[in-house]
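Working notes, beginning with the structure itself.
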Amino acid sequence: MKQKKFLKTATPYLFIMPWIIGFVVFTVGPLILSLIMSFFDWPLTAAPEFRGLGNYMEMFTSDKQFWKSLTISLKYAAIFVPLNMGIALFLAMLITQPVKGVKIYRTIFYIPAVISGVATSIIWGWILNGEYGVLNYLLSLLGIKGPKWLVDPAWALFAVILASAFGVGTMMLIFYTDIKNIPIDVYEAASIDGASPARQFFSITLPIITPTILFNLITSIISSFQQVTLVMLLTGGGPLKSTYFYGLYTYNNAFKHHKLGYASANAWVMFIIILLLTALVFKSSSAWVFYETEAGGSKKQKKHKRGGRK
């Protein structure tokens, strides 16, 4: 009897055991190991030596590239995150419109999201080429001489941001799913009351999808700090290290300069920065994120108070 009860209890865990093993071996294990490594001078071909907080002290006091790369990544995130979310929301609103062939447009907008980072970098390398690029050709038709996007320090960061915004398909579908779940009766009632489409968007659509905005905001912040592949293949961190992102800086410390301990310390600083930014976003969300359950609960509380007064 006890064996049957044990098997009944253990069966669900046996089904998820492969995921648990994978999570421990490939996520938790490397995470703990990297934390340990961050306190060591850990070259690739020699025995590690304990440094304590030496890696962190060096990073904050004598490594000028650390501050430069962090500044570049913060600047990139400040532009990329709102731009990425704005484009995704705009496209999501477009594909919710009842027009002919909307499914085709939905597929076209989503396709870039499934293209690998290597393929994306090749495509945008052609588009942004200063000599024969498509973008500069289109600008020339308007009488505008396009810049050398990828070799000009003044334009290289913006070029990477432009290429990064190419893969907004996943975020677009997340917005689209939430928008489609809004009851059509709400919009019909607003139209009867004389609300314009713009007023409906700002007064109905935007408040209702704020939980989705919160989710996409956090994922965008995380992905912006982890950007490596695109910038590595498009600019290699140049020109003049104007696109030497923090992720690329960490990657080069580990696999180019063979300083695994120092790179682990870099990664943990990035983790803490992302954690703090995420915490700030969550803290501010109580002021601008709308949840239907909370609204329902507040209405019930008001009714209860009125009933008590009677």
Side-chain angles (χ1 to χ4, degrees), residues 26-28 30-35 37-38 55-56 58-60 63-88 112-113 116-118 120-121 124 153 156-172 174 212-238 241-257 259-285:
F26 297 110
T27 302
V28 177
L31 197 66
I32 295 170
L33 179 61
S34 69
L35 180 61
M37 289 172 68
S38 70
N55 286 329
Y56 294 93
E58 180 184 344
M59 196 189 317
F60 287 109
D63 190 350
K64 293 181 181 179
Q65 190 57 53
F66 163 76
W67 294 108
K68 290 179 181 178
S69 294
L70 183 58
T71 303
I72 291 168
S73 287
L74 287 170
K75 191 186 296 183
Y76 170 80
I79 301 172
F80 167 75
V81 172
L83 178 66
N84 196 41
M85 293 186 63
I87 294 172
S116 69
V118 175
T120 301
S121 65
W124 279 96
L157 182 60
F158 181 75
V160 174
I161 293 169
L162 194 63
S164 302
F166 184 59
V168 298
T170 302
M171 188 182 293
M172 176 199 72
I174 294 171
T212 305
I213 293 174
L214 175 64
F215 172 79
N216 285 333
L217 176 60
I218 291 170
T219 54
S220 291
I221 290 171
I222 294 170
S223 66
S224 66
F225 276 92
Q226 294 177 340
Q227 180 61 264
V228 176
T229 306
L230 196 62
V231 68
M232 183 189 295
L233 296 172
L234 269 179
T235 64
K241 292 191 173 181
S242 59
T243 60
Y244 199 65
F245 286 14
Y246 191 87
L248 184 60
Y249 160 78
T250 304
Y251 176 88
N252 284 340
N253 280 333
F255 302 108
K256 188 176 180 180
H257 306 303
K259 300 193 295 183
L260 298 180
Y262 191 65
S264 297
N266 298 153
W268 272 92
V269 169
M270 183 198 292
F271 174 76
I272 291 168
I273 291 171
I274 292 173
L275 195 66
L276 290 173
L277 289 173
T278 304
L280 285 172
V281 172
F282 268 116
K283 185 71 175 176
S284 68
S285 65

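Only heavy atoms go into these numbers, but all of them, side chains included; no hydrogens, no water, no symmetry mates.
- Side-chain contact between Tyr246 and Asn266 is present, with heavy atoms from C-beta onward closer than 4.5 Å.
- Here Leu248 contributes atom CG and Thr229 contributes atom OG1; the two are 10.0 Å apart, rounded to the nearest 0.5 Å.
- Side chains of Val160 and Ser164 form a contact here, defined as non-hydrogen atoms less than 4.5 Å apart.
- Contact annotation: the side chain of Phe225 approaches that of Leu74 to within less than 4.5 Å [non-hydrogen atoms, C-beta and beyond].
- Residues passing the side-chain hydrogen bond (donor to acceptor under 3.5 Å, both in side chains) test with Ser73, sequence neighbours excluded: none.
- Atom CD1 of Ile174 sits about 8.0 Å away from atom OG1 of Thr212, to the nearest 0.5 Å.
- To the nearest 0.5 angstrom, Ser224 atom OG is 9.5 Å from Asn84 atom CG.
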As a quick check of understanding, evaluate side chain to side chain contact (heavy atoms under 4.5 Å, CB included) for Phe158 and Ile79, giving each step before the final call.
CA-CA 9 Å; Phe158 181 75; Ile79 301 172; 5.5 Å; no
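- Here Lys259 contributes atom NZ and Met37 contributes atom CE; the two are 13.5 Å apart, rounded to the nearest 0.5 Å.
- If you take CG on Leu276 and NZ on Lys283, they are separated by 14.0 Å, rounding to the nearest 0.5 Å.
- In this structure the side chain of Trp124 never reaches within 4.5 angstrom of the side chain of Leu230, judged on heavy atoms.
- Between Phe245 and Tyr76, the ring planes lie tilted relative to each other; the angle falls in the 30° to 60° range.
- For the pair Trp268 and Leu31, the minimum side-chain heavy-atom distance is below 4.5 Å.
- Taking every heavy atom of both residues into account, Leu234 and Ser121 meet most closely at CD2-O, 3.4 Å.
- In terms of heavy-atom proximity, Leu260 sits nearest to Ala254 at CD2-O, 3.4 Å.
- Put simply, the side chain of Val269 does not reach to within 4.5 Å of the side chain of Leu70, judged on heavy atoms.
- Closest non-hydrogen pair, Thr71 versus Trp67, comes out as OG1-O, 2.7 Å.
- No more than 12 heavy-atom neighbours from other residues, nucleotides or ligands sit within 6.0 angstrom of OH on Tyr251.
- Residues Ala263 and Thr250 come closest through the heavy atom pair O-CG2, 3.4 Å.
- The shortest distance between side-chain heavy atoms of Gln65 and Tyr249 falls below 4.5 Å.
- In terms of modelled atom types and a separation under 3.5 Å, the side chain of Asn55 and the main chain of Ser38 share a donor-acceptor contact.
- The two residues Ala77 and Pro82 have their closest heavy-atom pair at O-CD, 3.9 Å.
- Between atom CG of residue Leu83 and atom CG of residue Leu162 there is a gap of 8.0 Å, rounded to the nearest 0.5 Å.
- With ring centers used as reference points, Phe60 lies under 6.0 Å from Phe66.
- A pairwise comparison of heavy atoms in Thr243 and Thr235 identifies OG1-OG1, 2.6 Å as the closest pair.
- Ser220 places no side-chain N or O within 3.5 Å of a backbone atom of Leu217 that could act as its donor or acceptor partner.
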